[in-house]
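Shown next, in structure tokens, is the structure this report addresses.
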There are 2 protein chains.
Amino acid sequence: MTLAEENYLKAIYHLENQSSNDVSTNALAEEMQTKASSVTDMIKKLAEKNMVSYIPYQGVTLSKAGRAHAVKVVRKHRLWEVFLLEKLNFSWDEVHDVAEQLEHIKSEKLTDKLDEFLGFPKVDPHGDPIPDKHGHIEKIDKTSLTDAQEGVTYVCVGVHDSSSDFLKYLDANHISLGTTIEIIHKEPFDNSVKIKFNDAELVVSENVAKNLFLQEVSHNS
Amino acid sequence: MTLAEENYLKAIYHLENQSSNDVSTNALAEEMQTKASSVTDMIKKLAEKNMVSYIPYQGVTLSKAGRAHAVKVVRKHRLWEVFLLEKLNFSWDEVHDVAEQLEHIKSEKLTDKLDEFLGFPKVDPHGDPIPDKHGHIEKIDKTSLTDAQEGVTYVCVGVHDSSSDFLKYLDANHISLGTTIEIIHKEPFDNSVKIKFNDAELVVSENVAKNLFLQEVSHNS
DNA sequence: AAGATTATTTAGATTTGTCTAAACTTTTAA
DNA sequence: TTAAAAGTTTAGACAAATCTAAATAATCTT
């Protein structure tokens with residue numbers, strides 16, 4: 001698999017996880033920041049290699065081999081993110097771009113040794129699960145802050161949008177993974193939410209709320 | 001700089017350090033495992049970008065910018081080698097191939113943070129010096145075992161050949177960087193050398209001796 | 001259900017890095 | 001000091017990944 005092919009597989013993987021339909025040429029072009037015609041060409045090549053199944057005008061889906069390969073790339077990406085944050089003290093808005101490069105390094109031994117070195121982490125700095133050596137992904141149950149209930153207490157377990165701007169906003173407001181958050185009030189007018197954490201209150205917009213993932217605290221194992 | 005360009009710069013850098021003449025097209029082709037015609041094409045491109053100066057039929061030399069870039073790649077290569085060996089427990093014959101990939105990751109911050117994480121190492125696992133952030137290289141004074149003197153005690157500080165086979169030979173014979181070696185006898189007939197270390201004696205061939213670098217022990221600062 | 005709009009594919013061109021084969025320099029050696 | 005050998009460059013081709021523009025298919029709209 002070349003670098004370009006791996007990036008396509010990863011993009012198809014992400015889009016499949018978002019909507020359950022076949023992935024359209026245009027959606028892929030958008031995701032890859034390229035032209036639809038380029039996508040068609042690449043898809044044909046991936047179909048030749050049995051990494052995707054492709055019906056013209058119908059879209060594309062990953063084959064078993066294609067998905068396995070995509071998961072390996074995702075695993076490497078997320079492990080490197082953990083490394084950058086925990087060992088090299090990158091901030092969580094900086095890790096993504098470098099991990100985009102590191103995810104293409106080809107050495108199973110490197111990946112597995114890195115995993116071990118990091119203590120077999122379960123999630124990356126954005127709360128996304130890290131596939132294990134065999135490609136198994138432990139699903140994390142999480143609720144968006146927009147779906148949280150007034151009066152209930154949650155822990156922040158992830159973000160949907162991992163753009164630098166959003167992560168910097170969270171940093172500036174001292175919200176990070178593990179922060180305990182209580183829902184004070186949900187404002188029906190603009191869907192903003194007033195939350196309380198670390199003994200301070202904060203009102204966040206719907207846009208922020210949509211992109212913050214929470215997990216209800218306690219009263220289960 | 002693309003990946004291919006970086007590899008050419010690195011190859012030119014290594015060849016310049018070996019012979020002080022201009023680097024010939026054929027020598028580069030040999031080093032790069034490619035054809036002379038491909039080399040000519042690439043050299044022209046690098047000359048366009050002012051990374052090398054090139055006179056047809058005369059060979060090529062690195063420009064200031066070209067050398068600076070080559071040194072950066074070498075720095076990354078050697079830092080990653082230290083990382084793989086010290087942090088991920090790779091053996092010293094395994095680090096090279098993976099470092100060949102990692103050396104092309106583009107992020108100055110990553111390189112400098114990695115350097116710091118490793119404690120600013122001075123040499124890589126083969127005893128080669130690691131350029132600092134500013135491209136400065138601390139020259140290591142070393143003698144080949146073939147030039148060592150009978151009766152004198154040395155420390156092993158590096159290897160010339162870092163092929164997997166040679167390094168495995170050293171491992172099998174328990175020679176590593178830092179091993180103290182006394183020269184018992186130099187055999188003029190075949191230039192083999194009888195050495196003593198860790199209270200055991202060993203005869204090594206000229207080929208081995210040529211590729212082991214030593215430093216005379218004590219009696220200086 | 002036909003025409004308009006949108007989505008997708010094809011055709012042909014471009015760039016990067018490589019190759020083979022032929023042409024051309026430089027060096028070596030008689 | 002030339003002819004042969006060795007080294008180097010040029011010309012023309014190819015594969016990968018991309019693009020633009022044109023053609024074609026699918027879908028919406030009324």
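Lettering of chains follows the sequences in order, A, B, ..., and the numbering in each one begins at 1. Note that this is a predicted model, so its numbers are computed, not measured.
Between the CG atom of A/Asp41 and the P atom of D/dA16 there is a distance of 12 Å, given to the nearest Å. The nearest whole Å value for the distance from the CE atom in B/Met42 to the P atom in C/dT16 is 10 Å. The distance from atom NZ of A/Lys49 to atom P of D/dA16 is 7 Å, rounded to the nearest whole Å. Atom CG of B/Asn21 is separated from atom P of C/dT27 by 12 Å (rounded to the nearest Å). Atom OH in B/Tyr57 sits roughly 7 Å away from atom P in C/dT26 (whole-Å rounding). What separates NZ of A/Lys44 from P of C/dT9 is a distance of 8 Å, to the nearest Å. D/dT9 atom C1' lies 13 Å from atom CD of B/Gln58, rounded to whole Å. Spacing between atom CG of B/Leu28 and atom P of D/dT9 amounts to 11 Å, rounded to whole angstrom units.
A sub-4.0 Å separation between OP1 or OP2 of D/dT9 and a side-chain N or O of B/Tyr54 is present. Distances shorter than 4.0 Å separate some side-chain N or O of B/Thr25 from OP1 or OP2 on D/dT9. An OP1 or OP2 oxygen of D/dA6 is reached within less than 4.0 angstrom by no side-chain nitrogen or oxygen of B/Asn26. For the OP1/OP2 pair of D/dT18 and a distance below 4.0 Å, the side-chain nitrogens and oxygens of A/Ser38 include no atom meeting the criterion. Listed pair B/Tyr8 / C/dT16 fails the phosphate criterion, with no side-chain N or O lying under 4.0 Å from OP1 or OP2. Taking side-chain N and O atoms only, B/Lys35 has a distance below 4.0 Å to OP1 or OP2 of C/dT20. Phosphate proximity of D/dT8 to B/Ser37: absent, as no side-chain N or O sits under 4.0 Å from OP1 or OP2.
Taking the centre of each ring, B/His160 and B/His126 stay at or above the 6.0 Å mark.
Using a 4.5 Å cut-off on side-chain heavy atoms (C-beta onward), A/Lys10 and A/Glu5 make no contact.
Remark: A/His69 pairs with no residue by the ring pair (Phe, Tyr, Trp, His ring centres under 6.0 Å) rule, at least two apart or across chains.
Mapped onto DNA chain D by nearest heavy atom, A/Pro56 and B/Ser24 fall at different nucleotides, with B/Ser24 at the one closer to the 5' end.
Pairs of residues two or more places apart, or lying in two chains, never qualify as salt bridge (charged side-chain N to carboxylate O under 4.0 Å, His left out) while including a residue from residues 20-37 of chain A.
When atom types are taken as modelled, the side chain of B/Glu16 and the backbone of B/Leu62 share a donor-acceptor pair closer than 3.5 angstrom.
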